[in-house]
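For the numbers below, each heavy atom of this structure counts, side chains included, while hydrogens, waters and symmetry mates do not.
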Amino acid sequence: MKEIWRPTVWDRTPYDVWLAGGKKGALDKATTIADDILATTSPSRCPRPSPRDRAIVARADAELAAE
């Protein structure tokens, strides 16, 4: 399975190697990855909803309000 997929956040190194490497946990790694994505990616704008989209949302809102 290691040849197919290696986790990027979860650390599978031996405990002593992990300790020697500064004990960076999954939250620290995930935060670093998220910060990198936010720093290097610019968000695209969502298109304005069409009248058809608005009608679908209005029907769904009405159905949910009736429950």
To the closest 0.5 Å, what do you measure between [atom1] ([X]) and [atom2] ([Y])?
{"X": "I37", "Y": "T32", "atom1": "CD1", "atom2": "OG1", "value": "11.0 Å"}
{"X": "D36", "Y": "T31", "atom1": "CG", "atom2": "OG1", "value": "12.5 Å"}
{"X": "R54", "Y": "R48", "atom1": "CZ", "atom2": "CZ", "value": "8.0 Å"}

For this session: With side-chain hydrogen bond (donor to acceptor under 3.5 Å, both in side chains) as the test, would you mind laying out the steps for D53 and S50 before giving the verdict?
Result: CA-CA 5 Å; D53 295 336; S50 68; 3.2 Å; yes
Problem set entry | Donor-acceptor pair, side chain of W18 and main chain of K24, under 3.5 angstrom |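 Yes, because the side chain of W18 sits within donor-acceptor range (under 3.5 Å) of the backbone of K24.
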Exercise. What pair of heavy atoms forms the shortest contact from V9 to A26, and how long is it?
Worked result: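 Of all heavy-atom pairs spanning V9 and A26, the closest is CG1-O, 3.3 Å.
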